[in-house]
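Step one of this worksheet: look at the structure below.
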Number of protein chains: 2
Amino acid sequence: MFATPASVPSPSTLRRAVEPATRSSELAQANAHIRRVADMLALVADAFPVHRRLVHAGDAIHQAGQVFTHLCVLNSGFVKMVNLSADGRDQIVGLKFRGDWLGFDGIAGAVHDCDAIALDTGEVWAIPYDALLAACAARPRLMAAVHDAMSREIVGDRNSLMSVCTLPADARVADFLRTWAQSLALRGLRTDQIMLRMTRAEIGSYLGLTLETVSRALSRLAREQLIHFADKGRRDIRIPDVGALDGFVQQCLAPAVATLQ
Amino acid sequence: MFATPASVPSPSTLRRAVEPATRSSELAQANAHIRRVADMLALVADAFPVHRRLVHAGDAIHQAGQVFTHLCVLNSGFVKMVNLSADGRDQIVGLKFRGDWLGFDGIAGAVHDCDAIALDTGEVWAIPYDALLAACAARPRLMAAVHDAMSREIVGDRNSLMSVCTLPADARVADFLRTWAQSLALRGLRTDQIMLRMTRAEIGSYLGLTLETVSRALSRLAREQLIHFADKGRRDIRIPDVGALDGFVQQCLAPAVATLQ
DNA sequence: CGTTCGATTGAGGAAGATCAATTAATGTGG
DNA sequence: CCACATTAATTGATCTTCCTCAATCGAACG
């Protein structure tokens, strides 16, 4: 119905080369997440006649300054959140995947606080916020799902902050890839071959690094065999073992930790 | 709004230009915020017999790993959110003031994701989450207030990320002071004389800097007369003109911006 | 009065930014 | 289909910022 057949993972397509313990637990997590997203989408579709909108790379789903009227659920595709400060700095402050909600930033001020820009072709479901509030009052599970999504966003944002504040550049890039792969895994998508839909400059923006540093970090990861570039183009990345990226992050941290002991 | 004027503004002209307009608008904002918080607290108090809990500096309001059962509203005092990652890194990821909610991070995973530690004496109102859900269904305004609080948290977290990613150390510290002062102003507290309840190390943790860098930045701000240390102790800071901190941030950014033009 | 913890300040070093040159991929018009 | 222009990515050399290490100082506390 809503959960497209393609998105249901056959266990074999999920990553193979990982510790048995984490593999099964992450598989369970992925299944739980897929179920939750499917339930949530069903709840939403059931509650209102959602407005489905097809977006292409570069399209703005909403923009900073726009009056807030709708939330959106991302049904497919990838979206970046771009924040522009009053003094002209701008930065990518978030990335969204299937099942994520967009526009929570607009609730507080009645005006959107940042741009949501599609990174490729996808579909969003627009939901008028007042209708959502009304529907939530009648459907506790829908309300819980909305809170759930907001809570996830808060946790994710904090993890981004942590990555930026506590990891050196190489580890930050590795962590970025790890998180991206995990986001895909949670949604039942394959993680061994991922297509970054962002330029080095965009990745750098998100991680607080320059594009050169991102490029160097990726080259180093490739040299250490933690990633491989698919032929023709350096945006397709093969990650033979996602778990190994954890090890790399740990290793970057090790010198500092060692001195503490 | 976005396009910085070609003629780079001298800090003084810039500050002077914005001051009269923002002064009254910030006052209006503060009044609106105070009203909103008061309304929200009344809504909460009206909906359940909230459990009021007195906390002292160092007390944990909740801790990472604890099963999530309650949200809390901070009625008075200051609270830091501390996140500990799986690999041992830890960081302050947020600061909370009167009227802020605590514990949203626990909704998604049913377990708290970080510690909430009181920075001084204060009072929190604990609210069982299931009771809140039930009450929200019956009281649209309460639900809206909860969403409002979560939205604010999301926007605030993103602004933290932006500060860390796009500002040099000195500007980051200035921005931190500016934000702290603004948080106080929004709550109707005086901003000219503020008491930091954090050590240099804690500020550094929050900003992704070492304590030495924070100390140096504060010394520089003091040297430039943007802040003054109250006698006896360097935790009490007088900010003669909060708006001037904006100018300082701008000024730190200016060299980079100038080359872009 | 000494101990401890937090803050300051200086000197040196390292991570990452900046500047610059080259290469690879993509798109465009003839 | 191919030259050409354009944008993205890589890599190197240098420089700046901030971190690290270390010494000193001040305040608070027992």
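Naming convention: chains lettered A, B, ... in sequence-line order (proteins, then strands); numbering from 1 in each chain.
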A/D113 bridged to B/R152 by N-O distance under 4.0 Å
no

Is A/D175 paired with A/R172 through a side-chain N to carboxylate O contact shorter than 4.0 Å?
no

Measure up the A/F78 and A/W180 rings against each other and bin them: parallel (under 30°), tilted (30 to 60°), perpendicular (over 60°).
parallel

Give a yes or no on whether a salt bridge exists between A/R98 and A/E123, defined as a side-chain N under 4.0 angstrom from a carboxylate O.
no

Do the side chain of B/H62 and the main chain of B/C114 share a donor and acceptor less than 3.5 angstrom apart?
yes

Starting from P on C/dA25, measure out to CG on A/D236 and report it in whole angstrom.
12 Å

Across nucleotides 6-16 of chain C, 5' to 3', mark each nucleotide with B, S or - according to how protein heavy atoms within less than 4.0 Å reach it.
SSBBBB----S

